Amino acid sequence: MILTPGLTFIARILAGLGLFALGAVCVRRILDRYAVFLSNALFLALSAVSIPALFAFLILLRDARHRWHAAALGARMVPKVRGKWIGNLDILKMMLDNHYRGYPADGLWEATEARGPVFNMNILWDNMVFTSQPEHIQLILATDFNNYVKGERFQKNMSAMLGIGVFNSDGNMWKFHRSMTRPFFVRDRVTHFDTFDRHTNTAISLMKSRLRAGYAVDFQDLIGRFTLDSATEFLFGSCVNSLEAGIPYPDNSTLPALSSSLPTTSTNNLAREFSNAFLEAQDAISNRERFNLIWPLLEIRKDKTEEPMKILNAFIQPIVTEAVEKMKNMQGLTSEEKEDVEDNETLLDHLVKFTKDPVVLKDETLNIMIAGRDTTAATLTFVVYFLSTYPDITTRLRKEILEMIGPSKRPSYDDIRGMKFLRAVINETLRLYPVVPFNVRESVHATTWPSPDPAQPPLYIPAGVKVPYSVFMMHRRKDLWGPDAEVFDPDRFLDERLKKYLSPRPFIFLPFNAGPRICLGQQFAYNEMSFFLIRLLQNFSSFTHLPELRPPRFEIPKEWKGAPGRKGIDNFFPKMTLTMYAGGGLWIIAREVGDI
Ligand code: HEM
Ligand SMILES: *[C@@H]1O[C@H](CO)[C@@H](O)[C@H](O)[C@H]1NC(C)=O
Ligand SMILES: *[C@@H]1O[C@H](CO)[C@@H](O)[C@H](O)[C@H]1NC(C)=O
Ligand SMILES: *[C@@H]1O[C@H](CO)[C@@H](O)[C@H](O)[C@H]1NC(C)=O
């Protein structure tokens with residue numbers, strides 16, 4: 001019999017109640033001894049209310065302390081969301097319903113309209129200060145970086161998959177991980193272009209032959225394989241070859257993971273298992289964070305990370321062991337040699353120069369894979385969605401590619417740097433659909449934030465509270481981006497709107513976060529995405545989206561039609577695990593260059 005997280009959780013609660021009952025019996029004995037008369041019914045009733053009463057008292061005391069401290073700092077309390085049910089459970093229910101059936105930020109815009117861009121969600125009396133205000137996000141990520149951590153609660157929820165890697169650590173552990181990994185990402189690494197080129201060719205050939213046979217292609221599935229193959233190769237030097245395993249057909253795909261209806265071959269098996277396990281583990285840990293304290297109740301029958309982590313570990317462990325062995329055979333490196341990243345080196349080769357600890361090595365490589373794979377794949381999917389929706393943009397982008405690179409030349413690092421419109425298209429996509437739309441930190445010490453309304457006193461932020469923030473919402477605010485904030489228009493990164501909105505307030509655009517924990521792979525991601533898009537548009541001149549090919553459960557809810565903003569316009573279903581993706585995929589057909 002294995003103790004699942006759910007059973008452990010329930011056992012703890014029962015143990016707590018047992019202790020309480022024992023306490024009550026003792027109290028009863030003492031009362032009896034001193035001949036204090038209480039009927040059994042009254043005593044039971046008093047015992048039963050004593051727990052909530054104590055709880056309420058502690059909450060009131062905490063809130064009073066906060067009000068007092070706020071007053072001492074000349075600050076005011078963050079406006080609270082007032083739900084209809086006790087403990088704002090209706091708000092929690094709405095957030096969870098929206099997670100499964102809603103459009104991102106549903107419910108949060110309403111709260112913003114009622115209370116402004118900062119509010120305390122106060123779910124189960126837990127203070128949670130939500131913000132979409134650039135000045136606050138700047139404080140959290142950059143100017144007051146030391147006062148905000150991922151925090152113990154977050155780390156616990158995530159640790160089954162992320163371990164102690166760069167993504168999931170704070171303080172010195174984080175510094176250690178970040179400084180050992182960073183050199184791998186600073187140079188313009190020519191070797192990656194070889195990797196990209198090979199896998200890009202495979203992906204585009206697959207797409208061509210499927211289209212020529214008269215079928216549509218799920219671009220998200222295809223690009224997910226491309227990023228999986230590229231990532232396993234440059235991280236571990238051992239590619240899972242998911243592209244070779246073949247892509248699904250529209251009528252027998254079982255999305256979102258790699259299709260299980262494909263013929264079973266050994267490459268196919270590994271690719272499918274790895275990819276499914278990766279998705280399953282991510283789904284489990286993101287749900288843990290979503291349900292926070294009560295997540296064990298979702299895992300009463302089994303630990304949902306156990307099986308997928310077994311599969312991921314079985315793939316990574318032997319590779320790590322081999323890399324460590326190889327390193328042991330080479331003798332001591334000077335620190336200069338350590339800093340240097342050699343061509344052809346995988347991330348793992350680089351990391352074994354710093355540590356031989358297999359757990360650290362496994363955690364770190366898996367962390368980078370999580371950080372780098374789905375983010376890039378989803379962003380490219382959103383770009384292709386926009387290219388299919390706005391053919392004029394496709395034409396302009398092709399024109400830039402043909403003028404600056406030509407119809408068939410392999411793009412170089414310098415080519416990519418000069419491509420302003422391509423960069424603007426990627427930026428505009430990341431603005432409207434940032435793949436990390438919501439994020440969270442925890443405050444360390446109590447502090448204050450400037451009030452969004454300058455006429456009012458600053459806002460009080462208690463110590464040790466969760467501070468969720470949304471760049472998704474910030475990126476769509478009309479007061480920050482102008483009246484056309486919900487319009488897809490890459491030119492806003494190039495024309496006078498740049499000087500008007502973004503240049504004076506750079507913190508209104510944060511798809512990669514900012515400050516000391518800014519995305520390590522930002523340049524890498526722009527390179528990889530640009531490379532693929534250039535190759536794609538050298539081979540195809542237009543794209544057509546076929547939303548009717550999505551599985552029925554990803555049909556867009558009727559209520560969305562006519563809703564304000566992109567919710568009423570866009571024809572795909574944005575879903576979320578740790579990162580955002582297109583639910584049910586993105587089925588497209590495309591016109592090959594040369595075809596009439
Ligand atoms: C479009 C692509 C990408 C986007 C939008 C993106 C976005 C982000 C964001 C928002 C964070 C901050 C998360 C947090 O601190 O809570 C982050 C962190 C990180 N990203 Fe990316 N990322 C992308 C691609 C990549 C790639 C390709 C890599 C590496 C191959 C990568 C490596 C990392 C790492 C290592 C961190 C953790 C940094 C730290 O905590 O110190 N990312 N990314
Ligand atoms: C999937 O669909 C394609 C095309 O309709 C078909 O050729 C293939 O046999 C199908 N595969 C399975 C396992 O049903
Ligand atoms: C894409 O187009 C270029 C230029 O025509 C060509 O050299 C390349 O082989 C094509 N790629 C594929 C996979 O067909
Ligand atoms: C795109 O956004 C980045 C910030 O993430 C900025 O440095 C760059 O100048 C932008 N480029 C264009 C062309 O929009």
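Numbering of ligands and ligand atoms starts at 1, following listing order. Just so it is clear, the model here is predicted, and its values are computed rather than measured.
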The side chain to side chain contact (heavy atoms under 4.5 Å, CB included) partner of F540 among R398, R591, R535, M207 is M207
Under 4.0 Å to a heavy atom of S205 - the qualifying atoms of ligand 3, by number: 13 (C)
The protein heavy atom nearest to atom 7 (O) of ligand 3 is S408 CB, 4.1 Å
Would you kindly say whether T395 and D392 are connected by a side-chain donor-acceptor distance under 3.5 Å? no
For atom 16 (O) of ligand 1, the closest protein heavy atom turns out to be N439 ND2, 2.8 Å
Per atom 4 (C) of ligand 4, closest listed option by heavy atom (F509, F421, F493): F509
Return yes if a side-chain donor-acceptor contact under 3.5 Å exists between N427 and Y526, otherwise no. yes
Can you list the atoms of ligand 4 that are under 4.0 Å from a heavy atom of K420? 13 (C)
Less than 3.5 Å apart, any donor N or O on the side chain of R505 or Q138 sitting next to an acceptor on the other? no
How about R178: does its CZ atom have over 12 heavy atoms from other parts shown lying under 6.0 Å from it? yes
Between R225 and D221, is there a salt bridge with N-O shorter than 4.0 Å? yes
Give the ring-plane orientation class for Y249 versus Y215, where under 30° counts as parallel, over 60° as perpendicular and anything between as tilted. perpendicular
So for atom NZ, which belongs to K409, do other residues, nucleotides or ligands contribute more than 12 heavy atoms lying within a distance under 6.0 Å? yes
Report yes if some N/O of T379 lies less than 3.5 Å from some N/O of ligand 1; otherwise report no. no
How does E528 reach ligand 1, if at all, at less than 4.0 Å between non-hydrogen atoms: by side chain, backbone, both, or neither? neither
Show the atoms of ligand 1 that are less than 4.0 angstrom away from any heavy atom in T376. 27 (C)
Salt bridge (Lys or Arg N to Asp or Glu O under 4.0 Å), that's the test. Do K362 and D357 meet it? Break it down for me. CA-CA 9 Å; K362 191 207 79 189; D357 184 336; over 6 Å; no
Determine, using ring centers only, whether H475 and F509 are less than 6.0 Å apart. yes
Close-contact set for ligand 1 against F167 heavy atoms, below 4.0 Å: 18 (C), 19 (C), 36 (C), 37 (C)
Which residue and non-hydrogen atom of the protein lie closest to atom 5 (O) of ligand 3, and at what distance in Å? P407 O, 4.0 Å
Yes or no on salt bridge (Lys or Arg N to Asp or Glu O under 4.0 Å) for D197 and R410, after CA distance, side-chain angles and deciding distance? CA-CA 8 Å; D197 201 30; R410 167 174 147 173; 3.8 Å; yes
Which ligand 4 atoms does Y526 reach within 4.0 Å, using its non-hydrogen atoms? 1 (C), 2 (O), 3 (C), 5 (O)
Candidate list R153, K466, K156, test salt bridge (charged side-chain N to carboxylate O under 4.0 Å, His left out), partner E289, passing option: K466
How far does CD1 of I204 sit from CG of N539, to the nearest 0.5 angstrom? 4.5 Å
Under 4.0 Å from a heavy atom of W174: which atoms of ligand 1 are those, numbered in the order shown and with their elements? 39 (C), 40 (O), 41 (O)
Option with minimal heavy-atom separation from atom 13 (C) of ligand 4, where the choices are M419, R431, R423: R423
Does V166 approach ligand 1 within less than 4.0 angstrom via side chain, backbone, both or neither, non-hydrogen atoms only? both
Ligand 1 to P511, heavy atom cutoff 4.0 Å, flagged ligand atoms 5 (C), 7 (C), 10 (C)
So which heavy atom in the protein is nearest atom 14 (O) of ligand 3, and how far is it from that ligand atom? K208 NZ, 2.8 Å
Q317 atom CD, neighbour heavy-atom count above 12 within 6.0 Å: yes
I want to know if ligand 1 touches R441 in the polar sense, i.e. an N/O pair below 3.5 angstrom. yes
Contact with ligand 1 for M369, non-hydrogen, under 4.0 angstrom: no
Report the residue from F524, F532, Y413 that forms a ring-ring contact (aromatic ring centres under 6.0 Å, His included) with F196. F524
Which ligand 1 atoms are under 4.0 Å away from a heavy-atom of F185? 29 (C), 30 (C)
Do K150 and ligand 1 have an N or O pair less than 3.5 Å apart? yes
Is it the case that ligand 4 has an N or O less than 3.5 angstrom from some N or O of N427? yes
For R178, counting its heavy atoms only, list the atoms of ligand 1 lying under 4.0 Å from any of them. 38 (C), 39 (C), 41 (O)
Would you list the protein N, O or S atoms within less than 2.8 Å of atom 21 (Fe) of ligand 1, leaving out water? C519 SG
Nearest heavy atom to atom 5 (C) of ligand 1 wins, so pick from I518, V435, D170, V440. V435
Atom indices of ligand 1 within 4.0 angstrom of I368 heavy atoms, with elements: 29 (C), 30 (C), 35 (C)
Just to be sure I'm reading this right: ignoring hydrogens, which of H177, K175, R517, R373 gets closest to atom 40 (O) of ligand 1? Compare them by their nearest heavy atoms. R517
Number the atoms of ligand 4 from 1 as they appear, then name those within less than 4.0 Å of a heavy atom of Q522, with their elements. 5 (O)
Could you work out, for atom 8 (C) of ligand 3, the closest of T202, L206, N539 by heavy-atom distance? N539
No-hydrogen, no-angle side-chain donor-acceptor test under 3.5 Å, S412 and D415: yes
To the nearest 0.5 Å, what is the distance between CG (L162) and CD1 (I285)? 4.0 Å
Counting only heavy atoms on the protein side, is anything nearer than 4.0 Å to atom 11 (N) of ligand 4? yes
Will you find, in the side chains of W295 and N157, an N or O donor that is under 3.5 Å from an N or O acceptor? yes
Test E486 against every option in R431, R476, R566 by the salt bridge (charged side-chain N to carboxylate O under 4.0 Å, His left out) rule and name the one that passes. R476
Is there a salt bridge (Lys or Arg N to Asp or Glu O under 4.0 Å) between K500 and E496 once you walk through the steps? CA-CA 6 Å; K500 186 164 176 203; E496 70 289 346; over 6 Å; no
